Amino acid sequence: MAKTVKPLRLLTALLCAACSALLIWQCLKIFFAGGETPYTAQNISRALKVCLPAASLLAASAVFTGILSLKYGSPKEKFRPDRQYLLTAALSRAGEAGGEEIRKARRRVFFVKAGGAFLALVLLIPFAAYLMGKAHFETWDLNAMALSLLKNALPWVFASVAALILTYYWTDREAAKLLEKLKKQPKTAFTPERENRFENSVLYIRLVLLLAAVLLIALGAANGGARDVLAKAKAICMECIGLG
Amino acid sequence: MDKVKSKPAFTRRLVQLYAALLYNCHVKGFLNGTIFRGNSKVLCVPGLNCYSCPGAVGACPLGALQNAVAASGQRAPAYVLGILLLYGLLLGRTVCGWLCPVGLLQEVIYKLPTPKIRKSNVTRGLSMLKYFILAALVFAVPFWYSYQKLPLPAFCKYVCPAGTLGGAIPLLLHPGNRGMLNALGVLFTSKFVILVAILLLCVFLFRAFCRFLCPLGALYSLFSRVSVLGVKTDKAKCTHCSVCLNVCKLDVRYPGDRECVHCTECIDACPTGAISFKAGKFVLRGNEGIPEMKAEANNKAKPKLWKRCLLVGAMTLLLGAAFWAANRDRADAQNAPAASENTVETVTPAHVDESVPVGFDPGQRAQNFTAPLNGQEGTFELYACAGRPVVINFWATWCTPCCLELPAFDQIAREYADEVTVVCVHSDLITDDIEEYLASYDYAQLFALDETGDIIASFDGSLALPQTVVVDARGVITYNDMGSMTYDKLKGLVTEALSRQDGASEE
Ligand code: SF4
Ligand code: SF4
Ligand code: SF4
């Protein structure tokens with residue numbers, strides 16, 4: 001049954017997107033309809049009426065999918081971070097504890113990533129050069145422009161994206177290997193020296209900050225800062241509500 | 001495991017809900033379409049909560065910070081910085097996990113049953129964006145403009161979805177505020193589009209606004225290592241197994257880091273018991289290190305119903321007291337146009353048409369008022385402007401649109417010097433820098449002070465600035481609306497008022 005829920009979840013997602021698009025479209029429609037005061041009560045209620053069926057559909061789909069998910073269990077959500085994320089996190093946390101091998105691997109992954117990003121950028125240069133060449137856009141013949149773009153510039157974009165994908169896959173493979181290694185390592189807890197030093201001094205840092213906060217508040221109350229906050233908060237803020 | 005998790009989740013949800021209700025307990029505001037004007041607004045609440053929300057009883061820390069930075073040309077933003085430092089030091093991003101209505105809203109939206117986007121290095125990278133927004137829109141832009149004498153809270157003005165959702169929408173939907181709709185334009189349109197886009201993003205990405213865009217979260221995250229309350233990882237116990245990272249939906253590297261909102265959901269997952277929720281050295285919630293055993297023990301233990309009841313009871317009591325205090329009549333008296341010292345009943349001069357009833361709508365007769373003139377001797381009296389139209393503009397030095405439109409009033413005052421009186425009234429809670437502000441300009445219009453806010457109230461001040469009123473030669477109001485004024489529009493209004501005068505004299 002969880003399989004049935006999956007397409008329903010997809011449907012709810014599509015309805016969410018459709019509702020948002022509809023809302024934005026209605027808002028822009030009112031605005032671009034122009035006039036000195038585009039927003040009137042009639043315009044707004046008309047726009048809301050247009051959005052109502054989609055919103056009701058969304059609500060129904062969300063409730064129905066929600067009930068089914070509760071009853072049959074939803075497909076496992078992929079909250080889990082991707083491997084790259086775990087690798088970066090694990091390596092950055094365990095960098096020093098992991099020993100020489102991990103440190104080396106970390107460096108290798110960093111250089112491959114940086115190299116991949118650099119290559120992707122370099123491959124984009126001909127594309128940028130093409131865009132800057134005014135001659136390509138003089139005719140304003142859309143078909144000709146699109147064809148020329150497709151032939152001369154877009155291959156470079158594809159190459160750049162391909163470089164990124166390859167880098168991703170390579171580092172992903174490395175990530176998998178490294179994570180395995182990390183898992184096999186004996187689980188050693190590790191407290192770097194500076195961590196200890198920080199823990200010992202945090203109380204003093206807190207006291208200093210507390211003192212600074214109290215002093216600043218007192219100074220602010222004396223120099224009129226508090227009254228300023230009240231003055232602003234007591235009036236409707238035109239910027240907040242998008243009028244100012 | 002689930003039962004273990006549900007306990008902190010329940011308490012946290014409860015606290016989140018109560019905090020949201022507590023910040024917005026001025027229910028009358030929603031019913032009347034006004035905002036709260038009590039003195040509790042001198043305090044900033046810890047979470048992001050727009051002070052233009054009809055229910056808000058405290059100031060928004062982010063809005064207050066931007067305005068304080070924008071006023072730094074006159075005075076150091078010590079007060080707001082002090083408050084934020086205090087919140088950061090005591091609570092840090094625990095505010096985000098427990099005390100912020102916008103965080104709660106995003107968590108609720110995320111419950112919509114749709115496929116979700118998982119966190120990755122891309123989302124971690126994007127989390128840096130909020131620091132850029134903090135530096136640029138909260139500090140740099142307001143600071144830069146403060147030296148051009150233009151208060152510009154850039155984040156509020158161009159991005160903040162909390163302002164649009166909590167402030168604009170409830171106010172604009174109220175039938176009593178139809179006039180505000182006239183002032184909506186490109187700014188509202190863009191902010192509305194931003195709001196919808198962010199809400200949509202939050203359906204698929206857990207707390208997308210908090211993670212990528214919120215400057216307040218960015219500010220609190222700077223205190224992640226020193227904040228007294230919060231989730232802490234004991235690095236001596238941590239074996240870097242990354243189990244916590246699999247539980248957490250945010251872009252954390254380890255629990256308690258800059259991205260952690262201290263929701264405590266990862267605590268039970270840690271196999272070594274390295275994670276705990278602490279207040280200083282005191283552990284408020286921890287785990288012994290073997291989650292399965294702890295889960296079993298917890299499941300066997302009787303649910304501590306009385307504890308929950310006590311929590312709910314205590315919070316409801318607190319909330320009830322706040323509701324009573326915010327909605328009792330005294331607060332209302334502050335909202336109502338007060339019987340004024342400055343609005344005066346004088347002998348009505350001959351040019352004022354007494355047959356027209358006094359009021360504040362176009363077509364009604366304006367009530368007389370006097371106001372001390374700024375920077376010169378004497379007072380301004382409306383009825384003393386014998387037989388000529390008067391343009392009254394309510395403004396304040398801290399109001400961006402007000403400052404931007406002053407030149408238009410200046411131009412009209414110069415062009416119609418012989419026919420029209422233009423007076424700009426600095427309204428309510430005067431901060432002591434008007435003269436200094438005006439000294440850098442050579443404006444031709446009169447400037448007067450409305451120290452108590454009575455004058456703007458007598459013109460049905462909608463509590464929003466700027467507001468412009470045009471009164472014709474007979475003392476009858478021809479225009480009264482809030483919102484920005486342009487030279488062309490003002491000229492049209494003045495011409496109309498003058499034509500009425502001509503019509504009247506021909507009659
Ligand atoms: S617009 Fe946003 S930042 Fe500004 S005051 Fe309102 S909630 Fe605060
Ligand atoms: S990041 Fe901002 S919006 Fe999110 S919970 Fe924290 S203060 Fe609220
Ligand atoms: S690290 Fe733990 S406490 Fe922090 S946000 Fe993630 S799950 Fe919540």
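A quick note: this is a predicted structure, and the numbers were derived from the prediction, not measured. In what follows, chains carry the letters A, B, and so on, assigned in the order in which the sequence lines appear, proteins first and then strands, with residues in each chain numbered from 1.
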Point to revise | Residue among B/Ala76, B/Ala68, B/Pro77, B/Gly58 with most heavy-atom pairs under 4.5 Å to chain A | key: B/Ala76

Review point. Who are the salt bridge (charged side-chain N to carboxylate O under 4.0 Å, His left out) partners of B/Arg124, not counting sequence neighbours?
Key: B/Asp257

Check your understanding: In terms of heavy-atom proximity below 4.5 Å to chain A, should B/Ile83 be classed as side chain, backbone, both, or neither?
Key -> both

Exercise for review: Identify which part of B/Val203 has an atom lying under 4.5 Å from any heavy atom of chain A, answering side chain, backbone, both or neither.
Suggested key: side chain

Review point. At a heavy-atom separation under 4.5 Å, does A/Ala212 approach chain B through its side chain, its backbone, both, or neither?
Key: both

Exercise for review: Under 4.5 Å heavy-atom distance to chain B, tell me which part of A/Leu11 shows up: side chain, backbone, both or neither.
Suggested key: neither

Practice item. Examine whether an atom of B/Val159 lies under 4.5 Å from a heavy atom of chain A, and if so say whether it belongs to the side chain, the backbone or both; otherwise answer neither. Key: neither

Review point. Chain A heavy atoms under 4.5 Å from B/Val80: which part of the residue, side chain, backbone, both or neither?
Key: side chain

Check your understanding: Does any heavy atom of chain A fall under 4.5 Å from the side chain of B/Phe204, the backbone, both, or neither of them?
Key -> side chain

Review point. Within 45° of the six-membered ring axis of B/Phe206 and under 6.0 Å from that ring's centre, is NZ or CZ of B/Lys119 located there?
Key: no

**Study point:** Part of B/Val122 lying under 4.5 Å from any heavy atom of chain A
**Key:** neither

Revision key, fill the gap. Whatever's closer than 4.5 Å to a heavy atom in chain B on A/Ile205 counts as side chain

Practice item. Can you tell which part of A/Thr40 gets under 4.5 Å to a heavy atom of chain B, answering side chain, backbone, both or neither? Key: backbone

Review point. What residue in B/Leu165, B/Leu172, B/Leu89, B/Leu86 has the most heavy-atom pairs under 4.5 Å with chain A?
Key: B/Leu89

